Amino acid sequence: MVLSDSDDEKWIYREHTAAKHEVYQKYLTPWTYKLSSWNDKLRVVDCFAGRGSYVRAEDCSGVELEEISTPTDLPGSPQIILDRLTKHSDKFEKAESVFIEANKQNHQDLYENISETTGIADNISKKCVHGEFQNEILDIVSTDGDDCPTLFFIDPFGFKSLDYEVITEIGATDQFEMIITFMSRDINRFLENEDHSDAMETTFGTPNYIDEVGDFDAENWEPLVEYYTNRIEGVGPELTFEYLITEPDTRQTVYYLVFGTNHPNGLKTMRDVMNICGTGNFGYAPKIVDHDREQSGLAAFTSGMEATKEFLVDSFSEYRIEFRKMVEMCYKMRKYEDDVESDYRKAIQDLEKEGKVEVIRRASKTGGSGVTKGDLIDFRNEEELEDI
Ligand SMILES: C[S@@+](CC[C@H](N)C(=O)[O-])C[C@H]1O[C@@H](n2cnc3c(N)ncnc32)[C@H](O)[C@@H]1O
């Protein structure tokens, strides 16, 4: 029997819900910081907002809110958004939050939960929209490229509303970023089921998805999500990054969070956030050893650093490049390596000591050993320089 979206059974707070909320909560802070530094107005759209509460938690606890009070112990994504925006409300002039919910009962519950939430900063507006994301969103935002920075949470229960045309249209828009819940488990289950072929075609934006998706199995579902990210990268957000969420007690993938952005700095920021969430190494996957945080940490301190240095020297031997730009390029080239900005900084400091690069300290203290945004890293050797 298919449960209605307002059935209490669908509103149990599980470990994978907590894992998703951790990423939402942790990303909102740097996103707000960075974008408010050159924009007066920001917007967050929760496209599948839910009811703003869960009925009970199983083996985990609800998200902690710091700034606002809401009538439930188990709040949903809308309150996470309001809490984080409130926390950083001194950084922007105004922020808009929009919550879209299609189910009438859920929308009613959400409206009541949000109306009874207190402590929200005065410069944050909030609106609950009753309707379907795919029909409403293009009336809410403009995809002409002149709209304010907007972060979209796209979090359906299944996949039939992941409308490829709509997602790629908003995803291709400058200053727009999105986090999509890509329901690998359900998609895998129904991939070849004819009753679901229309929904699959809507999701992947092509009738050829079965032939194109490639091989994947229960142990390795990456090809499925990679097919999806390749499909959207072609026309939607230029850059994507995936975060794996499994069941807590098995290796079973539940979904991926797919992040999409058009800006390398957005990718870098989300990558840094996803690396410190869950069980580390870009996932919440307690039973998959490769996704264990300790292992990734160890790699960074042993052979990992040598590999990083080698990669830098090989890739940038002909460059003199600003440090942050170099890090952004590394993130694009080595999407799923463990290294974060501090690892690249350490590698540059080592290479400087070894005489393999020159650091031109335009931003950090001259005479010191710091390396920061604005500093130039010169990988070219003397002979190459003489040839210029
Ligand atoms: C996974 S739940 C959202 C949970 C919420 N984001 C959170 O983290 O607390 C998905 C919600 O989307 C709603 N929904 C289903 N189809 C929709 C559509 N086409 N547009 C907007 N909402 C939809 C469902 O009623 C349900 O409340």
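When a residue number appears, it is its place in the shown sequence, counting from 1. Note that ligands are numbered from 1 as they come in the structure, with each ligand's atoms numbered from 1 the same way. Just so it is clear, the model here is predicted, and its values are computed rather than measured.
Of the N and O atoms on the side chains of Gln175 and Asp147, not one donor lies less than 3.5 Å from an acceptor on the other residue. Residues Gln105 and Asp109 have side chains that bring a donor and an acceptor to within less than 3.5 angstrom of each other. Of the N and O atoms on the side chains of Asp339 and Thr308, at least one donor lies less than 3.5 Å from an acceptor on the other residue. For Tyr111 and Glu101, the side-chain atoms include no donor-acceptor pair closer than 3.5 Å. Counting only N and O atoms by type, the side chains of Thr181 and Asp155 include a donor and acceptor under 3.5 Å apart.
Across Glu101, Arg51, His130, Lys20, heavy-atom proximity to atom 27 (O) of ligand 1 is greatest for Glu101. Summarising the contacts of atom 15 (C) of ligand 1 with Asn135, Asp5, Leu110, the nearest heavy atom is found in Asp5. Residue nearest to atom 5 (C) of ligand 1, selected from Pro78, Gly131, Ser77: Ser77 (by heavy-atom distance).
Atom numbering of ligand 1 starts at 1 in the shown order; those under 4.0 Å from a heavy atom of Gly76 are 9 (O). Close approach of ligand 1 to Trp11 is summarised as follows: ligand atoms under 4.0 Å from at least one heavy atom of the residue are 2 (S), 26 (C), 27 (O). Listed by number with element, the atoms of ligand 1 under 4.0 Å from a non-hydrogen atom of Ala49 are 5 (C), 6 (N). Ligand 1 places these atoms under 4.0 Å from at least one heavy atom of Asn103: 25 (O). Near Ala102, with a cut-off below 4.0 Å to any heavy atom, the atoms of ligand 1 are 17 (C), 18 (C), 20 (N), 21 (C), 22 (N), 23 (C).
Relative orientation of the Tyr319 and Phe316 rings is perpendicular, given thresholds of 30° and 60° on the angle between their planes. Ring-plane geometry between Tyr54 and Tyr13 is classed as perpendicular, the angle between the planes exceeding 60 degrees on a 0 to 90 degree scale with a lower cut at 30.
Ligand 1 has Tyr54 within reach: a non-hydrogen atom of the residue lies less than 4.0 Å from it. Distances shorter than 4.0 angstrom occur between a heavy atom of His21 and an atom of ligand 1. Heavy atoms of Cys47 come nearer than 4.0 angstrom to ligand 1 in at least one pair.
In Tyr13, neither the side chain nor the backbone holds a heavy atom less than 4.0 Å from any atom of ligand 1. The part of Gln134 lying near ligand 1 is the side chain, judged by heavy-atom distances below 4.0 Å. Contact annotation for Ser6 and ligand 1: no heavy atom of the residue comes within less than 4.0 Å of the ligand. At a 4.0 Å heavy-atom cut-off, ligand 1 touches Asp155 through backbone and side chain alike.
Closest approach of Leu162 to Phe182, counting heavy atoms only: CD1-CD1, 4.5 Å. Closest heavy-atom contact between Arg51 and Asn106: NE-OD1, 3.5 Å.
Met329 and Phe323 fall within the same hydrophobic cluster, where Ile, Leu, Val, Met, Phe, Trp and Tyr residues are linked whenever their side-chain heavy atoms come under 4.5 Å apart, directly or through other members. Clustering ILVMFWY residues whenever any of their side-chain heavy atoms sit less than 4.5 angstrom apart, transitively, puts Leu35 in a cluster other than the one holding Tyr33.
Residue Tyr24 places no N or O, backbone or side chain, under 3.5 Å from any N or O of ligand 1. Considering backbone and side-chain N/O of Phe157, none are found under 3.5 Å from N/O of ligand 1.
Ranking protein heavy atoms by distance to atom 14 (N) of ligand 1, first place goes to Phe48 CD2, 3.8 Å. Of the protein's non-hydrogen atoms, the one nearest atom 20 (N) of ligand 1 is Phe133 N, 2.9 Å.
Aromatic rings of Phe259 and Tyr27 (six-membered ring for Trp) have centroids within the 6.0 Å cut-off, being under it.
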